[in-house]
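Working notes, structure below.
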There are 2 protein chains.
Amino acid sequence: MSPTPEATPARLRAIPSRLLARTATVAERLVGERLAAEGAHKWHFAVLVALDEAGPASQADLSRRTGIYRSDMVAVLNQLSGTGCIRRDPDPADRRRNVITLTPAGQRRLDRLDALITDAQRELLAPLTSEQGRQLVSLLGILTEHHQPKHPGAADEE
Amino acid sequence: MSPTPEATPARLRAIPSRLLARTATVAERLVGERLAAEGAHKWHFAVLVALDEAGPASQADLSRRTGIYRSDMVAVLNQLSGTGCIRRDPDPADRRRNVITLTPAGQRRLDRLDALITDAQRELLAPLTSEQGRQLVSLLGILTEHHQPKHPGAADEE
DNA sequence: AGATAAACGTTCGTCGCACTAACGAGGGTA
DNA sequence: TACCCTCGTTAGTGCGACGAACGTTTATCT
């Protein structure tokens, strides 16, 4: 008869890790679609923001600031440099490093991507009040700050 | 000098989709590690819960209830059946279907996995008060409910 | 000084999850 | 009958997170 609407079990619906996984998937799709429509990528935005906020940096710096792996950073910078958004010069003070610098074109690109991402966040948080949205960001901020990748040698009580 | 602790830019730290992605990654690692230590998997638990809560079901039912794709469901059920946690019998009423039934061994397995997962959630939400934990679950619940995979033919306003 | 360890940029590869495509077998309905 | 949908199954794609290793350069230790 009523074929049971096949609802997700309550016990599953209440599991934080599960909710996080599903919500994160939705969020990545919302952001990814918008950025892909302009040939852009999550990671491009992160790098541009890091450069805009803290000035020129080495690739390793950018990697640590954005959380993008060094290995993946290479391709990102290749693309950003290919479109003239950044310059990549060898560091005269340390010849292992490259100095990555934001160009005016990169600044404009950043503004554009920022608009897209902001719009995606709006759609993501649409069912929440702005107060709830702030709460969510605050709670997630606490979690990410607490569960940071631990450096070897860092104090690790417990 | 102070080489700048290489903090993540504030503009990045406030982006919901980014926070979700990072937190979800941490959460999946916490859960995954514990389950892997017992040769188990996220999906095993979800299936067992669905069977325990709503009784025997077809594979397609389980797929819809748990959000696991039919394609991935096959392997999961193979493993669960291999360890005697479920039985998989052809449905006499509809010979396309298999009827999946939870066995007593599956019930015990469920209890064990439930303990592991509960423990992982505790560690995940450790930095939050229990009230904050409930808030987080509630907010994520709203989001996942709102952004459901849309069925073809379903009303899709805006 | 020389030896050793570390950090940098880079290439390549792995693992897991979400997801699609296609197919044969069966079932519902005109 | 013909048509279309569902079911279980196999295979494969795309992407994000992550690790290994290498040559080069710099920092550290004795």
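Note: hydrogens, waters and symmetry copies are ignored here, and every other heavy atom, side chains too, is used. Here is the naming used below: chain letters follow the sequence lines, and residue numbers restart at 1 for every chain.
Taking side-chain N and O atoms only, A:His41 has no distance below 4.0 Å to OP1 or OP2 of D:dC15. Put simply, B:Arg29 has a side-chain N or O that comes within less than 4.0 Å of OP1 or OP2 on D:dC18. Between D:dT9 and B:Asn98, a contact under 4.0 Å exists linking OP1 or OP2 to a side-chain N or O. Between A:Arg97 and C:dC8 there is a side-chain N or O to OP1 or OP2 distance below 4.0 Å. The phosphate of C:dG28 (OP1 or OP2) has no side-chain N or O of B:Arg95 nearer than 4.0 angstrom. Contact check, B:Tyr69 against C:dA18: no side-chain N or O comes under 4.0 Å of OP1 or OP2.
Across A:Leu124 and B:Pro16, no two heavy atoms sit closer than the pair CD2-CB, 4.2 Å.
The side chain of B:Lys42 lies closest to C:dC17 when the candidates are C:dT10, D:dT9, C:dC17. Nearest nucleotide to the B:Gln59 side chain, out of C:dG9, D:dG8, C:dG26: D:dG8. Across D:dA17, C:dG9, D:dT9, the shortest atom-to-atom separation from the side chain of B:Thr25 is found for D:dA17. Set against C:dA22, C:dT10, C:dG27, the side chain of B:Asp94 has C:dG27 as its closest nucleotide.
The residue A:Ser71 sits close to a base: some heavy atom pair falls under 4.0 Å.
Applying side-chain contact (heavy atoms from CB on, under 4.5 Å) to B:Val74 and the options B:Asn78, B:Leu77, B:Val76, B:Asp72 leaves one that passes, B:Asn78.
When rounded to the nearest whole Å, the span between CG of B:Leu77 and P of D:dC7 equals 14 Å. Here C:dT10 presents its C1' atom at 13 Å from CD1 of A:Ile100, a figure rounded to the nearest Å. In this structure, A:Asp89 atom CG and C:dC8 atom P are separated by 18 Å, rounded to whole Å. For B:Arg96 and D:dT9, the CZ to P distance is 14 Å, given to the nearest whole Å. Put simply, CG on A:Leu62 is 13 Å from C1' on C:dC8, counting in whole angstrom units. Counting to the nearest Å, the C1' atom of D:dC18 and the CD atom of B:Glu28 are 14 Å from each other. In this structure, B:Leu20 atom CG and D:dG16 atom C1' are separated by 15 Å, rounded to whole Å. Between B:Leu80 atom CG and D:dG8 atom P the separation is 15 Å, expressed in whole Å.
Other residues, nucleotides and ligands contribute more than 12 heavy atoms inside 6.0 Å of the CZ atom of A:Arg34.
Residue-to-nucleotide proximity on DNA chain C shows that, of B:Trp43 and A:Val99, the 5′-proximal contact is made by A:Val99. The 5' end of DNA chain D is approached more closely, in terms of each residue's nearest nucleotide, by B:Arg70 than by the other of B:Arg70 and A:Arg70.
Residue A:Asp72 places a side-chain atom within donor-acceptor reach of the base of D:dC18, judged by atom type and a 3.5 Å distance cut-off alone.
Between the CD1 atom of B:Ile100 and the CD1 atom of B:Ile86 there is a distance of 4.5 Å, given to the nearest 0.5 Å. Rounding to the nearest 0.5 Å gives a distance of 4.5 Å between CZ of B:Arg22 and CZ of B:Arg18.
A:His147 contributes a side-chain N or O that, together with a main-chain N or O of B:Glu123, makes up a donor-acceptor pair within less than 3.5 Å.
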